[in-house]
Structures are given as C-alpha cells and as structure tokens.
Amino acid sequence: TSAPVLTASTGDAGADLYENVVGSVLQIRWYINTPMGRSICSGSGYLITEDGYAVTNTHVVVDDKYKPASELEIIVSDQTVKAKVVCLGDNKGGDGNGEDLAIIKLDKVPRGAKAVTFENYDKVKNGQKIYILGNPAGMGMSITSGIVSDRLRDAFGKPRMLTDCTVNGGNSGGPVFNEAGNVIGTVVAKI
C-alpha cells in the first residue's frame, strides 16, 4: 500500500495528523430490523488497500445472531459508498476464539480516500503518543489522543495494547495511529 500524502504543517501535531489520515478512516453503518423497528448499527474501520479492502471489527458488521450485514454503508472522504463483508475473524461477533476483526470490500474507492501505512509493532513503546480516529455513537468523525499505557497487556486471554485514549461506542474497528500517521492497532474493546 502507499503512504498517505503529507500536507504542510500547521504546527499542531493532532490537527496535522487528522488532515493527513482522515481519508483512510471509514464511518460504517447498516440497518437491522428489530421487533421495535428499524435500528442503525455503526462503527469505524480503515482502508488497507487502494482497491477498497478495509478492516473493522466483526462485532461491527454482524447482528445479535452473528449474521453478517448484507450491505454496509460507508462514509469516507465525505462520500458515501456501499460495501460487503468479505470475511470474519470470529464467528461469535468477537466473543469467540478468533480475533474480533473483519475484512470488508468497498464497491468503489472514493476520490481522496487512501490506504493506511502500517508501523512495525516491535517499534511501539509504552508512553508513546497515539491518536484514535473513528465514528463514536455513529455521529461522525472524531479524534482522540493519549499514550500507549501498556503495549502487551493480557486482556481477555490475549495480548492487547492498552491506551488511555477516550474510546466510545462506534469507535470499534477504528485505527490507532502513531505520531507519524502509521497504524499500530485497531480498537477492539473498551475496558
């Protein structure tokens, strides 16, 4: 994948990072019929290839019976496109033995959208500054910042990165960026 194109610095690291990577971050939503009526499901994700493959959480794209959404609505670079679930990393919506990750494929990649660049996780250090971009509560894009509290915390029987960044419902599946704008993780849980 190609690296995001860097723009001129405003002198504010968080604002600069947001501008440089927001075209890689997806707002995901889909609708489900319930006994109470139509309900919206939402979350976040990010592009990993220039031809439209993206990562999110399994629990973002399945219903309460673990059935994948038939069609997703994606907002990226201020444009709305459709997407389909390609594969699930866990068949229990994130509560099983697999990873709570899913691959989705956008029908088309909007102009201005770009794939992320990944950092080697061996370079991640406790205390380093990080940023989370996502779609909290399905209300649009936001950014939070913090530090890596523990790069290898045992959580739910698996090693996870622990951070002090604010994470809200809807941030699930969103990317965790280092200060260089490279992805070092995916939001999978709030503990």
Side-chain angles (χ1 to χ4, degrees), residues 1 4 18 21-116 118 131-144 156 158 160-161 163 165-177 183 185-191:
T1 63
Y18 183 90
V21 301
V22 72
S24 303
V25 183
L26 312 178
Q27 298 173 56
I28 300 171
R29 62 181 175 214
W30 62 287
Y31 303 92
I32 186 169
N33 293 320
T34 69
M36 303 292 289
R38 192 171 186 209
S39 178
I40 187 169
C41 302
S42 64
S44 303
Y46 54 95
L47 282 171
I48 59 172
T49 67
E50 296 297 331
D51 61 346
Y53 285 93
V55 169
T56 188
N57 289 148
T58 295
H59 77 262
V60 168
V61 296
V62 298
D63 65 18
D64 60 351
K65 295 183 174 114
Y66 312 119
K67 180 181 175 196
S70 59
E71 185 174 76
L72 302 167
E73 194 172 88
I74 307 295
I75 300 171
V76 61
S77 294
D78 296 324
Q79 298 164 67
T80 302
V81 296
K82 301 293 183 194
K84 300 267 188 229
V85 176
V86 175
C87 68
L88 303 175
D90 183 74
N91 65 357
K92 298 236 185 227
D95 293 328
N97 292 325
E99 287 296 332
D100 186 13
L101 296 173
I103 301 293
I104 63 175
K105 175 76 166 69
L106 280 61
D107 289 348
K108 71 175 193 168
V109 178
R111 183 174 303 187
K114 55 193 173 246
V116 299
F118 289 91
Y131 299 88
I132 293 176
L133 271 71
N135 180 28
M139 299 178 74
M141 196 61 63
S142 73
I143 183 172
T144 59
F156 312 110
K158 298 176 182 177
R160 302 281 187 217
M161 177 176 47
T163 174
C165 281
T166 300
V167 174
N168 298 298
N171 277 118
S172 291
V176 180
F177 290 100
V183 171
T186 304
V187 176
V188 294
K190 178 181 175 181
I191 53 174

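We number each residue from 1, following the sequence as shown. These values consider heavy atoms only, across backbone and side chains, with no hydrogens, waters or symmetry-generated copies.
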Got a donor-acceptor contact below 3.5 angstrom from the Asp63 side chain to the Lys65 backbone? yes
Please examine the side chains of Thr49 and Val109, heavy atoms only from C-beta on, and report whether any two atoms are closer than 4.5 Å. no
Taking Asn135 for its side chain and Gly140 for its backbone only, find out whether a donor-acceptor pair lies under 3.5 Å. yes
Of all heavy-atom pairs between Asn171 and Pro136, which one has the smallest distance, and what is that distance? OD1-CB, 3.8 Å
Just by modelled atom types, is the Pro175 backbone N or O under 3.5 Å from a matching donor or acceptor in the Thr186 side chain? no
Minimum heavy-atom separation for Leu26 and Ala54, please, with both atom names. CD1-CB, 3.4 Å
Taking Thr166 for its side chain and Thr144 for its backbone only, find out whether a donor-acceptor pair lies under 3.5 Å. no
Is it the case that over 12 heavy atoms from other parts of the model lie below 6.0 angstrom from the CG atom of Asp51? yes
Between OG of Ser142 and OH of Tyr18, what distance do you get to the nearest 0.5 Å? 7.5 Å
For Tyr53, does the OH atom sit with more than 12 other heavy atoms under 6.0 Å from it, leaving out its own atoms? no
Between Val116 and Val55, is any pair of side-chain heavy atoms under 4.5 Å apart? no
When every non-hydrogen atom of Arg111 is compared with those of Gln79, the smallest separation belongs to O-NE2, 2.9 Å
In this structure, CD1 of Ile74 is separated from CD1 of Ile104 (nearest 0.5 Å) by 4.0 Å
Do Ile48 and Phe118 have side chains that approach each other closer than 4.5 Å (heavy atoms only, starting at C-beta)? yes
Side-chain donor/acceptor of Asp100 to backbone N/O of His59, under 3.5 Å: yes
Looking at Thr56 and Ser44, would you say the former's side chain and the latter's main chain have a donor-acceptor pair under 3.5 Å? yes
In this structure, are over 12 heavy atoms from other groups packed under 6.0 Å from Asp78 atom CG? no
Lys67, NZ: over 12 other non-hydrogen atoms inside 6.0 angstrom: no
When you measure from the side chain of Asn91 to the backbone N and O of Tyr66, does any donor-acceptor pair fall under 3.5 Å? no
Could you tell me if the side chain of Phe177 sits less than 4.5 Å from the side chain of Val25, heavy atoms only? yes
Leu88 side chain reached by Val62 side chain, heavy atoms, under 4.5 Å: yes
Is Ser39 reaching over with its side chain to a backbone N or O of Ile32, donor-acceptor style, under 3.5 angstrom? no
If you measure from the Lys or Arg side-chain nitrogens to the Asp or Glu carboxylate oxygens, is any gap between Glu73 and Lys82 under 4.0 Å? yes
Closest heavy-atom pair and its distance - Arg29, Ile40: CD-CD1, 3.8 Å
Search all heavy atoms of Gly23 against all heavy atoms of Ser77 and return the closest pair with its distance. CA-OG, 3.7 Å
Rounded to the nearest 0.5 Å, what's the gap from CG on Asn57 to CG on Leu101? Could you check? 6.0 Å
Write down the atom of Pro110, the atom of Val76, and the distance for their closest heavy-atom approach. CG-CG1, 3.5 Å
Gap separating the CD1 atom of Ile28 from the SG atom of Cys41, nearest 0.5 angstrom: 11.5 Å
